[in-house]
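Just so you know, these numbers come straight off a predicted model, no measurement behind them.
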Amino acid sequence: MNKKILIVDDDLAILDAISLILIESNYDVRTESSGNQVVEKVITYEPQLILIDVLISGQDGRTICKILKNNDQTKNIPIVMISAHPSAKESSSKFGADDFLSKPFELDDLLSIIEKHIH
Amino acid sequence: MRRLLHYLNPIENLGNRDYTTIFPALGTTLSAVILEIVARYLLKNPESVGLPAIFIFIALIIYFSFRKGIRGGFASAIVTIIYYLYIIFTRNYSGKQLNSGLETTLILAILYCFLATVIGWLKQMIDGLIEREADERKRLQDIIEQLPVGVIIANSQGIIVQSNNQIEKILGISIPIGFKLGSKLLLESKRNGNIFEPADGPLARAVKTGQSTLGEEITITRNDQQKRHLRVSTTAIQNKDADIIAAASIVSDITEQKEVESRKDDFISMASHELKTPLTSMKLYIEALKSQTKKFNDSKVEAITFNIVKQTLRLQKLVDDLLDVSRLQTGKLSFTFEKFLINELLAEVIEMLQVSTNNHKITIKNHEQILIDADRFRIYQVLTNLINNAIKYSPNGTDINIFLEKDQSNLIITVQDFGIGISEDQHEKIFERLYQAADDTEKTFPGFGMGLYISKEIILRHGGKIWVESTKGKGSKFYFSLSLGGEK
């Protein structure tokens, strides 16, 4: 069975492009463009990894990260934060993110960071 | 001197007209003659008329002198009285002596007339001079008052001797003349974000140390809580013995300019972040496209895809540069120092850039291993910028040489090209923000003019230097130095 990845971003082009690439690389991908339903989605979908953009309209990506890390059902799923602000790296780890990817990233960076967290 | 002449002056100025000379002289002569006649009559029979008549007469003169406000009349009276008192009380009065008394009186009157005239002239002359000086001073004051910048001048004791309307408007207070520098006038003053005491203000410092400053930027909080950004230029004024005799500050309010600048920086920062998101998806789509084109095995499609990749990378470089410039402006560019071999980094840069050009041959002229302590990514950026420029500005394609040299404490890297070169007057300017060199026909090369500015800032933050040696038409040598922290 393919490894499952959930991508959370309010930019539909990013969701589409990352899905395209990851499906190509044989991952099972779901996307979520609103911050409000992430927790439910994570519980039902049970992904092996979550990619979250730091700035999501509606809710800060870091807050979602913190909620997921404080929930017993979801706290063990690795979370990679994505942002165009390199300075967001530090704050992301404070909120419990496992890794950080700075925009614009190379495809190789994305794939290697995913492989690092999904064994 | 002026004061002395004023008191000696036999007559006050009445309005604008000067009655200095002739009236008191006439008064003196007339009163002397009348007194003489009266005295003669009295002294023939002193017991019968007596002194009271003389004193009544003198009192009349004094009275008229005062009533007319004529000090000269008063003075004449005093002189005459003293003279007559002298002859009345010290001489044996005979007609002969009285004759000579009359002569003496007349001579005195003429002398007085002459003296009064001379004194009058002198006074007029000095008054004229003083008036002219006052006029000059007034004109200077008017000029200072109406200058469009704030002006404040203190003497060597740090006491404010002059300020203008504009400075009061800028500071939001009125500055009393005679105010001593060092006392608090504003809620708060900051220099480079640090609060400083009034005694350490630019003007107070110039008075104390003779230190002049040009375009110093200061932030103040006025008493009405308003924050203003000021640009202050201060100069200590010295006499020929180099003693500080005064200091002057010229102040302009640059608050609005600062706000515009900060909005512009915010905009650049925001815009480049906004540009990064579509750039990210573009790059991912390109990767997807690349793997699709492989399936078709069509060389035309592959060539087009290659060009899309190249242009996307160029766009990314511009966005990165824009963001770096905005971070440099706001002081948010951070550095991570590590020890690495500069040769390896250089080889990496050359390998990447050599692919982009078929016309140039990039060569390292020295293969010594040199360990440095620096921000690897930022030095990579500097090398990329310099070598890219060398390629860009030698369109006719020749060698690009890179030299690594070191002395006891510094590493100097040189990037040499044989391209269009840079005229001497532009050697400094090319490192300024958004400045771009043009060639003879004023044709500019593509780019934003950010690369050298970013490189300069990066090298400066490493404690190094960056400079250029170049002759127009003969190519350029760009140098930068880094301290060899790693080999200490």
Part of [X] within contact of chain B (heavy atom distance under 4.5 Å):
X       : answer
I14(A)  : both
D16(A)  : both
L110(A) : side chain

Who are the side chain to side chain donor-acceptor pair (under 3.5 Å) partners of K116(A), not counting sequence neighbours?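 Side chain to side chain donor-acceptor pair (under 3.5 Å) list for K116(A), sorted by chain: D99(A).
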
Checking an interface table here. Which of residues 283-292 of chain B come within a heavy-atom distance under 4.5 Å of chain A?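 Heavy-atom contacts from residues 283-292 of chain B to chain A are K283(B), L284(B), Y285(B), E287(B), A288(B), S291(B), Q292(B).
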
Applying a criterion of heavy atom separation less than 4.5 Å, what residues of residues 344-361 of chain B form contacts with chain A? none

Sequence neighbours left out, cut at 3.5 Å: what donor-acceptor pairs do the side chains of residues 298-310 of chain B make with other protein atoms?
{"unit_1": "D298(B)", "atom_1": "OD1", "unit_2": "K300(B)", "atom_2": "N", "d": "2.9"}
{"unit_1": "D298(B)", "atom_1": "OD1", "unit_2": "V301(B)", "atom_2": "N", "d": "3.4"}
{"unit_1": "T305(B)", "atom_1": "OG1", "unit_2": "V301(B)", "atom_2": "O", "d": "2.6"}

Heavy-atom count check: over 12 atoms from other residues, nucleotides or ligands less than 6.0 Å from [X] [atom1]?
X       : atom1 : value
K66(A)  : NZ    : no
E40(A)  : CD    : yes
F267(B) : CZ    : no

To the nearest 0.5 Å, how far apart are [atom1] in [X] and [atom2] in [Y]?
X       : Y       : atom1 : atom2 : value
Q316(B) : E106(A) : CD    : CD    : 6.0 Å
T277(B) : D9(A)   : OG1   : CG    : 7.5 Å
L12(A)  : S281(B) : CG    : OG    : 10.5 Å

